[in-house]
Amino acid sequence: MKIGYSSTNWSFDCRANSTFRIGSYSRDRFIKTVKGNLDCLKKILEYNISNDILFFRISSDILPFAGHSILNVNWRREFKKELSEIGKMIKNGNVRISMHPGQYLILNSPNDEVVRSSVRELKWHCQFMDAMGLDNTAKVQFHVGGVYGNRSDAMSRFVNTFLELPNFMKKRAVLENDDSLYGVSDCLLVSYQCNVPLVLDVFHHSLHNAGETLHDALLSTSRTWGRDDGLPMVDYSSQEKGALPGRHAKHIDPKEFMEFIKATSGYDFDIMLEIKDKEKSVFTALNVAKEIRGVLQPSLKPLD
DNA sequence: TCACGTCAAGCAGAT
DNA sequence: ATCTGCTTGACGTGA
């Protein structure tokens, strides 16, 4: 079991997700921004490794507008050295990486242009991971998409589009249940047809489900992960008290998390915390998990 | 330096 | 018809 956080480390004054407005796009602006992002990513990874935080979700803003037609920089060539170095840090540190492109990646849209841009978006995320030399346990997660008034048609469109994707994209892709349209049971149907692993979002599942228990959901999603895919990934967050249902908490609730860790004692998986205060909540969660489960995963420090 | 309107893109549900 | 949330606040103009 590894526990991680996404995008930003609030202990640092650097950001690995700096971006800019498309109106201020230039070659130079892109290169400067990405250079800053990659430098900061290195710092975050060093910090994470020395603190036994071995799971990290890299923001899609690491390469701003990478899927947009405005882009005229060959970032794989431009940042070859940096990407390869970061990849070695990740490998040497026993770190797991995920990415989660935004709400505009919709493979099942009835609009062809939306599908094409979604494929471009997925493509660069996969190329980015490939450029770092990451193994097949590094994943790009996204949702099934919209319903468009006909769920089974919408699911078929997803399957058809997905099966046409090249292998380097298929092997990185993982689906995640969302909080209103496609729950675990829907995602499982798609998962079986596409042979795509399924991330269980515990919080979404609590808001939108077909009556399955947490145990059912964890068992069925865990089975979608093949040997090369690594441990199943689970997204976890708490409800912000007093806010509308669905609002993520600012800090993890240690008691709730302990209940979760106890309730899932028969399973091993990696947990991505989707909680506002980032690394702070990870420290709390790691302490809880170690208390219940003992030693988790050691980080492997680089040799030199 | 700060406030605050806006940010590439889609979709569904609430108001 | 318009607003909100999504995975995430931050960019950037104007004062």
Side-chain angles (χ1 to χ4, degrees), chain A residues 4-10 12-26 29-30 32-33 36-37 40-41 44 55-71 97-125 139-151 153-155 157-158 161 174-183 186 199 201-204 207-208 233-240 243-250 271-279 281:
Chain A
Y5 62 101
S6 73
S7 310
T8 303
N9 181 313
W10 295 119
F12 285 14
D13 55 6
C14 73
R15 295 287 170 260
N17 56 342
S18 291
T19 181
F20 48 84
R21 297 288 172 261
I22 196 164
S24 36
Y25 177 87
S26 70
R29 181 73 189 263
F30 176 83
K32 284 202 171 101
T33 303
N37 284 344
C40 186
L41 176 59
I44 292 175
F55 192 14
F56 186 66
R57 180 187 292 168
I58 298 173
S59 167
S60 295
D61 281 336
I62 191 92
L63 301 179
F65 305 106
H68 194 281
S69 56
I70 198 170
L71 191 87
I97 294 294
S98 72
M99 296 183 83
H100 192 336
Q103 61 269 45
Y104 305 107
L105 200 170
I106 304 159
L107 292 184
N108 77 345
S109 173
N111 179 336
D112 285 345
E113 191 42 52
V114 173
V115 176
R116 273 195 290 274
S117 70
S118 297
V119 171
R120 280 200 299 274
E121 190 72 5
L122 176 58
K123 183 178 176 184
W124 82 253
H125 282 84
K139 297 296 188 186
V140 182
Q141 70 185 81
F142 50 96
H143 299 292
V144 176
V147 171
Y148 313 94
N150 187 326
R151 180 174 299 267
D153 281 3
M155 287 164 80
R157 276 201 305 278
F158 182 96
T161 301
V174 293
L175 276 179
E176 178 197 343
N177 59 304
D178 65 63
D179 62 359
S180 63
L181 304 179
Y182 292 95
D186 299 313
V199 177
D201 186 311
V202 174
F203 191 42
H204 288 167
L207 296 168
H208 181 243
M233 291 180 179
V234 169
D235 285 358
Y236 182 95
S237 79
S238 318
Q239 169 68 36
E240 175 76 1
L244 291 172
R247 169 72 67 186
H248 289 185
K250 293 188 186 66
I271 305 176
M272 178 53 57
L273 297 185
E274 293 179 337
I275 295 184
K276 299 279 180 203
D277 69 356
K278 309 291 181 184
E279 74 280 2
S281 282

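Naming convention: chains lettered A, B, ... in sequence-line order (proteins, then strands); numbering from 1 in each chain. Being a predicted model, the structure only gives us computed values, none of them experimental. Below, all heavy atoms of this structure are taken into account, side chains as well, without hydrogens, waters or symmetry copies.
Listed by chain and number, the residues in a salt bridge (charged side-chain N to carboxylate O under 4.0 Å, His left out) with A:Asp186 are A:Arg151 (sequence neighbours excluded). With sequence neighbours excluded, the residues satisfying ring-ring contact (aromatic ring centres under 6.0 Å, His included) with A:Phe158 are A:Phe162. For the ring-ring contact (aromatic ring centres under 6.0 Å, His included) test, residues two or more places apart in sequence or in another chain that qualify with A:His100 are A:His143. Judged as a side-chain contact (heavy atoms from CB on, under 4.5 Å), and not counting sequence neighbours, the contacts of A:Asp153 are A:Asn150, A:Arg157. Take A:Asp235 and apply the salt bridge (charged side-chain N to carboxylate O under 4.0 Å, His left out) test, not counting sequence neighbours, and it matches A:Arg57. Annotation: side-chain hydrogen bond (donor to acceptor under 3.5 Å, both in side chains) contacts of A:Lys276 (sequence neighbours excluded): none.
Taking the 5' to 3' direction, DNA chain B first and last meets chain A under 4.0 angstrom from a heavy atom at B:dT6 to B:dG13.
Summarising the geometry, the separation between CG on A:Asp235 and P on C:dT7 is reported as 8 Å, rounded to the nearest angstrom. Atom CG of A:Leu181 is separated from atom P of C:dG5 by 17 Å (rounded to the nearest Å). In this entry the distance linking CZ of A:Phe203 with P of C:dG5 reads 13 Å, nearest Å. Across the protein-nucleic acid pair, A:His204 atom NE2 and C:dC6 atom C1' stand 8 Å apart, rounded to whole Å. As a whole-Å value, the separation of A:Met99 CE from C:dT7 C1' is 12 Å. Per the geometry, CD belonging to A:Glu121 stands 15 Å off P belonging to C:dT7, to the nearest Å. Rounded to whole angstrom, the span from the CG atom of A:Asp61 across to the P atom of C:dT8 amounts to 12 Å. Between the CD1 atom of A:Ile62 and the P atom of C:dT8 there is a distance of 16 Å, rounded to whole Å.
Residues A:Leu105 and A:Leu122 have side chains in contact (heavy-atom distance under 4.5 Å, counting atoms from C-beta outward).
Judged by distance alone, with hydrogens and angles left aside, the side-chain atoms of A:Lys250 form no donor-acceptor pair with the main-chain N or O of A:Asp277 at under 3.5 Å. In this structure, A:Glu279 contributes its side chain and A:Trp10 its backbone to a donor-acceptor pair below 3.5 Å.
Taking the six-membered ring for Trp and the full ring otherwise, A:Tyr236 and A:Phe203 have centroids separated by 6.0 Å or more.
At most 12 heavy atoms of other shown residues, nucleotides or ligands fall within 6.0 angstrom of atom NZ in A:Lys123.
A:Leu105 comes within contact range of no nucleotide atom at all, as no heavy-atom separation falls under 4.0 Å. Residue contacts for A:Ser109: at a heavy-atom cut-off of 4.0 Å it reaches the sugar-phosphate backbone alone, with no base atom in range. Heavy atoms of A:Phe65 sit under 4.0 angstrom from at least one base atom.
The gap from the C1' atom of C:dC6 to that of B:dC2 amounts to 29 Å, rounded to the nearest Å. A gap of 22 Å separates the P atoms of C:dG5 and B:dA3, to the nearest Å. If you take atom C1' in C:dC3 and the same atom in B:dG5, they sit 15 Å apart, rounded to whole Å. Here, B:dC7 and C:dT4 have their P atoms 15 Å apart, quoted to the whole Å. The separation of B:dA8 from C:dG12, taken at their P atoms, amounts to 9 Å, rounded to a whole angstrom.
Sorted by first and then second residue, the pairs that involve residues 105-114 of chain A and meet salt bridge (charged side-chain N to carboxylate O under 4.0 Å, His left out), not counting sequence neighbours, are A:Glu113-A:Arg116, A:Glu113-A:Arg120.
Expressed to the nearest 0.5 Å, how far CG of A:Asn177 lies from CG of A:Asp201 amounts to 5.5 Å.
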Collect all protein-nucleotide pairs involving nucleotides 1-3 of chain C in which both atoms are nitrogen or oxygen and the distance is under 3.5 Å.
none

List, with names and distances, any nitrogen or oxygen atoms from the protein found under 3.5 Å away from nitrogen or oxygen atoms belonging to nucleotides 9-13 of chain C.
from	atom 1	to	atom 2	distance (Å)
C:dG9	OP2	A:Lys276	NZ	3.4
C:dA10	OP1	A:Arg15	NE	3.3
C:dA10	N3	A:Arg21	NH2	3.4
C:dC11	O4'	A:Arg21	NH2	3.4
C:dC11	O2	A:Arg21	NH2	3.1
C:dG12	OP1	A:Arg21	N	2.9
C:dG12	OP1	A:Ser24	OG	2.5
C:dG12	OP2	A:Arg29	NH2	2.6

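Counting only Watson-Crick and G-U wobble pairs whose two distances sit under 3.5 Å, DNA chain B takes part in these stems of three or more pairs: B:1-7 with C:9-15, B:10-15 with C:1-6.
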List, one per line, each side-chain donor-acceptor pair under 3.5 Å for residues 13-23 of chain A, sequence neighbours excluded.
from	atom 1	to	atom 2	distance (Å)
A:Arg15	NH1	A:Asn9	O	3.4
A:Arg15	NH1	A:Phe12	O	3.2
A:Asn17	ND2	A:Thr8	OG1	3.3

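Using the six-membered ring where Trp is involved, A:Tyr25 and A:Phe30 have ring planes that are tilted, between 30° and 60° apart.
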